[in-house]
Structures are given as C-alpha cells and as structure tokens.
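Atoms considered below: every heavy atom in the structure, side chains included; atoms not considered: hydrogens, waters and symmetry mates.
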Amino acid sequence: MPTALITGASAGIGLELAREFARHGYDLVLVARNRARLEEIAAELKPTRVTVVAKDLNLPGAPAEILREIPSVEVLVNNAGFGFFGKFAETPLEGHLSMIQVNVSALVALTRLYLPGMIAAKSGRIMNVASTAAFQPGPLMAIYFATKAFVLSFSEAIANEIEGTGVTVTALCPGPTATEFQQSAKMENSGLVKGKKMMDARTVAEIGYRALTAGKPVVIPGLMNKLLVQSIRVSPRWMVTKIVRSMQKEVR
C-alpha cells in the first residue's frame, strides 16, 4: 500500500485528511505533538496501518528526526500550522518566531528531505496547506498571512521546477474552516469568523484529496472563496489591506 505522511494530524483539516487517505486505502504516518491523541486516531482508523510519530515541529531538528524514522513516503502532506490574533507590535515575538518555524521552516525542511526520493522514484505527491490568507496582507494576523503567502509561492515555484518528473506539488488554500484553529488563535471575535458559516474540515479534505490526486498546483475550496481571491487580484493592494483590516477587527 502507498503511504501518506500527514503533519498536524491530531485535529481539524489534518485529521480529516488522515481519514480521507484511509478511506482510499493508504497506510498512514501521522505526525503531531500529542502521542496519546494520535494513538486514539490510529485506533479509530483500524484496519488502516497507522504509524504514530510524536514530534514538535517547533524544534528545528524534528524534520530530520522524522526522516530517520520514515525514510520514504509516496505522499507528503504538510498541514501543521497555527496562527494567533492581535497587532504585531503587541503580541509576543517568540510566538511569531514559532509560527514561522512551524508554518514555514518545518514545511520547507520536510519538502526538501522527501522530494529527492520521490523524484528518484519518478512518483510522488506533496500537498502544502496554505490558505486564502495567502493572497493578501492580513492586518491583525500579519505573520500568519505572510507565512501562508510563502507556502503558496513556494509550492507554485517547486511545482514548476519538477514538471515532468512524475512528482506533483499541490497548494491547498481553504478559507475560514470550522476547526479548533479559531479558538487556539484567539480570534473567535474576529469579524472574519464570528457569526459566519464556515466550510467544514471534511469537505476541505475531500476537495484537497481530489486536487492532489489530479496533480493540480493550486486548489481553493468553495465558490465564494474562489470569487474572493479573484476580486483581490484585480483590486489595489492598499484597498485590499484596508478591507482585510475591516473584516478582521473584533466584533462585540
């Protein structure tokens, strides 16, 4: 059976991607910090073969440790990531640097570590989970939006570089999704999510899986999200930034 390695697999979109790959007959390698939670998921997904790898991707050495445990996979899903809400100058520097480490540096490291083996095998698929946040600046979540812009740009660039190798790279760009993210990011009162109907994580995972299988370089789940991204592309950047700030501000 082919094997899919999924980071951030203990909840949200990562968990639903694990379930989606299991439904399609993949063996799984699930990566997250919480070993107990991963083992619960492994039990849920039986008879799928699941290997649990408890690693903290905030630690720079974690990607190389993962490679030593799991030397090769057919699919790599870089889903792990987090954000938090607030003005850049008023939120802790260590939090921003951790976000860059998890959302960007670990993703780059894992991609670089597994991609050469896929190219040598002339087969493989990589999914990097970005966001519709990737398409514009994000006041009140400046670093999170910037990390997702990096993920999108990076994914599109290497997708082009490896054309014809038998390997594909897909950037999954969901809009706001009903997961634990909003609570952990302390953005429940953000106008972007409060009182809004959000897409569920399983739908995002299903759309992402189909796009990955088809080798699409970029996928944006949901018609409204696609329209939003298109409108951003034809609007002045200063205007987009002001609109995002207005949408993001807290609603009481």
Side-chain angles (χ1 to χ4, degrees), residues 3-15 17-18 28-39 41 50-86 88-89 91-120 124-131 133-134 138 141-159 161-162 167 169-172 179-181 184-186:
T3 299
L5 187 157
I6 304 170
T7 68
S10 60
I13 294 172
L15 173 55
L17 282 166
L28 299 176
V29 178
L30 303 185
V31 179
R33 292 177 297 177
N34 189 331
R35 177 179 295 276
R37 176 63 183 135
L38 290 178
E39 288 176 348
I41 295 165
V50 179
T51 301
V52 166
V53 179
K55 296 291 179 185
D56 183 356
L57 292 177
N58 189 42
L59 302 176
E65 292 173 2
I66 293 169
L67 182 72
R68 283 196 290 272
E69 287 190 40
I70 311 295
S72 66
V73 293
E74 284 71 35
V75 175
L76 170 65
V77 179
N78 285 305
N79 167 76
F82 71 94
F84 56 83
F85 185 81
F88 173 72
T91 43
L93 175 60
E94 58 269 25
H96 295 302
L97 296 178
S98 292
M99 198 188 312
I100 293 168
Q101 175 63 39
V102 174
N103 295 13
V104 173
S105 298
L107 178 148
V108 169
L110 285 167
T111 302
R112 178 60 182 81
L113 290 169
Y114 282 104
L115 182 57
M118 292 180 178
I119 292 172
R125 304 205 183 279
I126 295 173
M127 176 189 289
N128 292 326
V129 179
S131 167
M141 293 187 76
I143 299 300
Y144 176 76
F145 275 58
T147 63
K148 294 305 181 179
F150 177 95
V151 171
L152 176 60
S153 176
F154 169 68
S155 300
E156 289 185 291
I158 60 172
E161 289 180 1
I162 62 175
V167 184
V169 177
T170 298
L172 174 61
T179 67
E180 297 88 344
F181 177 88
S184 64
K186 301 186 183 339

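The structure places CG of Leu38 at 11.0 Å from CG of Leu28, a figure rounded to the nearest 0.5 Å. One distance of note links CZ of Phe88 with NE2 of His96; it measures 5.0 Å at 0.5 Å rounding. Considering CD of Gln101 and CD of Glu94, their distance stands at 14.5 Å, rounded to 0.5 Å. Atom CD of Glu69 sits about 9.5 Å away from atom OG1 of Thr51, to the nearest 0.5 Å. Separating the CD1 atom in Ile13 from the CG atom in Leu172 is a distance of 6.5 Å, to the nearest 0.5 Å.
Counting heavy atoms from C-beta outward, Leu15 and Arg37 have side chains that approach closer than 4.5 Å. Looking only at side-chain heavy atoms (C-beta outward), Asn103 and Val151 stay at 4.5 Å or farther from each other. At a threshold of 4.5 Å between non-hydrogen side-chain atoms, the residues Leu17 and Met127 count as touching. Residues Met118 and Val73 meet the side-chain proximity criterion, which asks for heavy atoms closer than 4.5 Å. Side-chain contact between Val31 and Leu5 is present, with heavy atoms from C-beta onward closer than 4.5 Å.
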Item to check | Candidate pair Val104 and Phe154, rule side chain to side chain contact (heavy atoms under 4.5 Å, CB included), full reasoning | outcome: CA-CA 10 Å; Val104 173; Phe154 169 68; over 6 Å; no
Item to check | Steps toward side chain to side chain contact (heavy atoms under 4.5 Å, CB included) verdict (Tyr114, Ile66) | outcome: CA-CA 10 Å; Tyr114 282 104; Ile66 293 169; 3.7 Å; yes
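The backbone N or O of Gly8 sits less than 3.5 Å from a side-chain atom of Asn79, completing a donor-acceptor pair. For the pair Thr147 (side chain) and Tyr144 (backbone), a donor-acceptor distance under 3.5 Å is present.
Annotation: side chain to side chain donor-acceptor pair (under 3.5 Å) contacts of Thr170 (sequence neighbours excluded): none.
By the 6.0 Å contact criterion, CZ on Arg33 is open, its count of non-hydrogen atoms from other residues, nucleotides or ligands being 12 or less.
With Ser155 as reference, Asn128 is the one residue of Asn78, Asn128, Thr111 to meet the side chain to side chain donor-acceptor pair (under 3.5 Å) rule.
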